[in-house]
There are 2 protein chains.
Amino acid sequence: MTRRIPQARERGIPDATVARLPLYLRALNGLAERGTATVSSEDLAVAAGVNSAKLRKDLSHLGSYGTRGVGYDVQYLIYQISRELGLTQDWAVAIVGVGNLGRALANYGGFVSRGFRVAGLFDADPAVVGERIAGLVVEHADGLESVIRKRGVSIVVIATPATAAQQVCDRVIAAGVTSILNFAPVVLTVPDDVDVRKVDLSIELQILAFHEQRKASGGPMMGDEWPDEVVVVSERGAALGEASQ
Amino acid sequence: MTRRIPQARERGIPDATVARLPLYLRALNGLAERGTATVSSEDLAVAAGVNSAKLRKDLSHLGSYGTRGVGYDVQYLIYQISRELGLTQDWAVAIVGVGNLGRALANYGGFVSRGFRVAGLFDADPAVVGERIAGLVVEHADGLESVIRKRGVSIVVIATPATAAQQVCDRVIAAGVTSILNFAPVVLTVPDDVDVRKVDLSIELQILAFHEQRKASGGPMMGDEWPDEVVVVSERGAALGEASQ
DNA sequence: CCGACTTTGTGCATCTCTTCACAAAGGCAC
DNA sequence: GTGCCTTTGTGAAGAGATGCACAAAGTCGG
């Protein structure tokens, strides 16, 4: 029974750290634009809205890139974090579902600026296919698999209604995609090697409502009884991007 | 020095649990629509995509609403979770920034279906003010404070460009709002009693890219040296909802 | 070259969240 | 009733994240 000793440069950055790296990157880019050359963990932590000890521990997972007594070189750190996140290469992204949300995403500037390139827009509605959005022509969802393979798409954004999401998901996985960003309000079932990240407006609002209620009233009404009239809220809402299909 | 003993029905549901309750609620609504009367923790856990022990522990924080040997009454559990989340009351929501994203949000069906009512749309661009979106007329951002007070808005969604977000944030907080959903890619500075939740597409994509890179290559290139030519990615992207102002 | 000062990187204690495993509770068949 | 079977609710162990506090490492003025 040997003791588990963590390697200095072991592959395995904690998820919580990975989730914060983009935040640091953004703060660093802000500093770089203002011409700052070096930054202390304290200052960077404030800019990113985290604790400075946490920031230092996070960065220590990437390597020892700071200089004691001075801080971190902004440009160098930007490069190291970008490299770790895989932003030094280009990622082809496809957006499926060109409803309100799909359009918003296609026009999103932050996409292009960071190594993410929109390589395709898809919808199942013939009325939308052929339309030109953000310099791209919307293609019919039938061609999904072939286009994914042909253009080397590795990340797919699902912005379809909830009902279509799982089917789209299955198809893009069959085409070899292993990274999915899901905006549809459903739990996607995927194999273990596929990463799904979920963005769900409705859930965020409900979490806010919980805290708001707590602040307002010191908790929900105390009784556990049913009220006289129970109104059951139904799951009638379409996906955020209510596209066709 | 007394030991801290958790009360049985203490007000204080873990954050991780609160974040999952909406997920359970959605799964339960799906079951209710299909006419299911009772459900076991195992089945509900599968539907919500979590571990069944976790689900039971989560629910146990609300109270003891299950029946051993049987499971949970779907309708009753829907009611209890809704009540805990504060969805049995109506929340007035204002959306600030009517760009691509703002429009998508205003048209989002899931909003209305769950006790959230869009009570106002705001933008600083005169070209957008007056436009009719999802049955509402876009108002000028100047009237933000008075409308918030008048219509009892308690949750504000910020869908402005990054540059305007902090200013909007300060103003709505001054008007009494303590719950904010922020889509702009900036860290908002707020007092302790204000809750901010952040939705950031760019960050989600970067996290996916990290995992994708790991899967593809077994890690980033090994050297720690600078490449000959360093391209620094700039933070040029506008907010997801690139509205005016 | 030295000593004062700054800031990193990390060991450690703490806290939170997750998962296991099982006793207790309840339904149901007979 | 009685006993078997199912499923909850939870104690306890484990895993992971956080934050403190400080030694080690480096800068800089003189």
Side-chain angles (χ1 to χ4, degrees), chain A residues 1 3-21 23-24 28 31 36-74 76-77 80-81 207 224, chain B residues 1-21 23-24 28 31 36-74 76-77 80-81 84 207 224:
Chain A
M1 186 62 132
R3 199 71 150 50
R4 178 87 173 67
I5 296 165
Q7 297 287 338
R9 200 70 171 77
E10 185 180 18
R11 287 286 121 209
I13 298 174
D15 285 347
T17 295
V18 173
R20 281 187 296 266
L21 291 180
L23 220 58
Y24 304 152
L28 285 165
L31 290 167
T36 312
T38 42
V39 65
S40 71
S41 63
E42 184 58 39
D43 292 350
L44 183 53
V46 169
V50 301
N51 175 302
S52 71
K54 181 151 59 181
L55 173 87
R56 286 197 299 278
K57 187 151 289 187
D58 282 344
L59 294 183
S60 78
H61 285 114
L62 311 192
S64 202
Y65 298 142
T67 307
R68 293 169 192 236
V70 177
Y72 300 88
D73 182 284
V74 173
Y76 186 56
L77 197 52
Q80 289 298 348
I81 295 179
I207 295 171
D224 281 352
Chain B
M1 184 60 132
T2 44
R3 201 68 152 49
R4 176 91 174 66
I5 297 165
Q7 296 288 338
R9 199 69 171 78
E10 186 179 16
R11 287 287 122 204
I13 298 175
D15 285 347
T17 295
V18 173
R20 280 187 296 266
L21 290 180
L23 220 58
Y24 304 153
L28 285 164
L31 291 168
T36 313
T38 44
V39 66
S40 70
S41 64
E42 183 58 39
D43 291 351
L44 183 53
V46 169
V50 302
N51 174 303
S52 71
K54 181 151 60 179
L55 178 118
R56 286 198 300 276
K57 185 147 286 184
D58 283 344
L59 294 184
S60 78
H61 286 114
L62 310 193
S64 201
Y65 297 144
T67 307
R68 293 169 192 237
V70 177
Y72 300 88
D73 182 283
V74 173
Y76 185 56
L77 197 52
Q80 290 297 348
I81 294 179
E84 196 68 46
I207 295 171
D224 281 353

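- Contacts of A:T17 with the nucleic acid, taken as non-hydrogen atoms under 4.0 Å apart, are absent.
- Of all heavy-atom pairs between B:I81 and B:Y24, the closest is CD1-CB, 4.1 Å.
- Nearest approach of A:S41 to A:S52, heavy atoms of both residues: O-CB, 3.9 Å.
- Between A:S41 and C:dT8, a side-chain N or O to OP1/OP2 separation shorter than 4.0 Å is present.
- Heavy-atom nearest nucleotides on DNA chain D were determined for B:S64 and for A:D58, and the one closer to the 5' end corresponds to B:S64.
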Handout entry: Base versus backbone protein contacts along nucleotides 22-30 of chain D [heavy-atom cut-off under 4.0 Å; B, S, -]
Key = --BBSS---

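- With a 4.5 Å cut-off on side-chain heavy atoms, A:Y65 and A:L59 do not count as touching.
- Between A:Y72 and C:dG9 there is a side-chain N or O to OP1 or OP2 distance below 4.0 Å.
- Put simply, OH on A:Y76 is 16 Å from P on C:dT8, counting in whole angstrom units.
- One can place CD of A:E42 at 13 Å from C1' of D:dC20, the figure rounded to the nearest angstrom.
- In this entry the distance linking CG of B:L59 with P of D:dT8 reads 9 Å, nearest Å.
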Where do N or O atoms of nucleotides 1-3 of chain C meet protein N or O atoms at under 3.5 Å, pair by pair?
none

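- Here the P atom of nucleotide C:dT8 and the CG atom of A:L62 are 15 Å apart, to the nearest Å.
- Here A:L23 pairs with B:K198, B:I203 under the side chain to side chain contact (heavy atoms under 4.5 Å, CB included) rule; sequence neighbours left out.
- Interface remark: the A:K57 side chain does form a donor-acceptor pair with the D:dG19 base, using a distance-only criterion of under 3.5 Å.
- Looking only at side-chain heavy atoms (C-beta outward), B:Q80 and B:E84 stay at 4.5 Å or farther from each other.
- Rounded to a whole Å, the CG atom of A:D43 is 14 Å from the P atom of C:dT6.
- Closest of all the heavy-atom pairs between A:A19 and B:I207 is CA-CD1, 3.7 Å.
- For the atom pair A:I13 CD1 and A:L62 CG, the distance stands at 5.0 Å (nearest 0.5 Å).
- Checking A:T38, A:L77, A:L31 one by one against A:Y72, the side chain to side chain contact (heavy atoms under 4.5 Å, CB included) holds for a single residue, A:L77.
- For DNA chain C, the residues of residues 45-55 of chain B within the heavy-atom distance limit of 4.0 Å (strictly under) are B:N51, B:A53, B:K54, sorted by number.
- Counting to the nearest Å, the P atom of C:dC17 and the CZ atom of B:R20 are 8 Å from each other.
- Taking atom CG of A:D15 as the reference point, atom P of D:dA15 lies 16 Å away to the nearest angstrom.
- Rounded to whole angstrom, the span from the CG atom of A:L44 across to the P atom of C:dT7 amounts to 14 Å.
- Annotation: side chain to side chain contact (heavy atoms under 4.5 Å, CB included) contacts of B:T67 (sequence neighbours excluded): B:V70.
- Looking at heavy atoms from C-beta onward, B:D58 lies out of side-chain contact with B:V50 at the 4.5 angstrom threshold.
- Checked against side-chain hydrogen bond (donor to acceptor under 3.5 Å, both in side chains), B:S40 has no partners two or more places apart in sequence or in another chain.
- Looking at every heavy atom in both residues, B:N51 comes nearest to B:A45 through C-CB, 4.0 Å.
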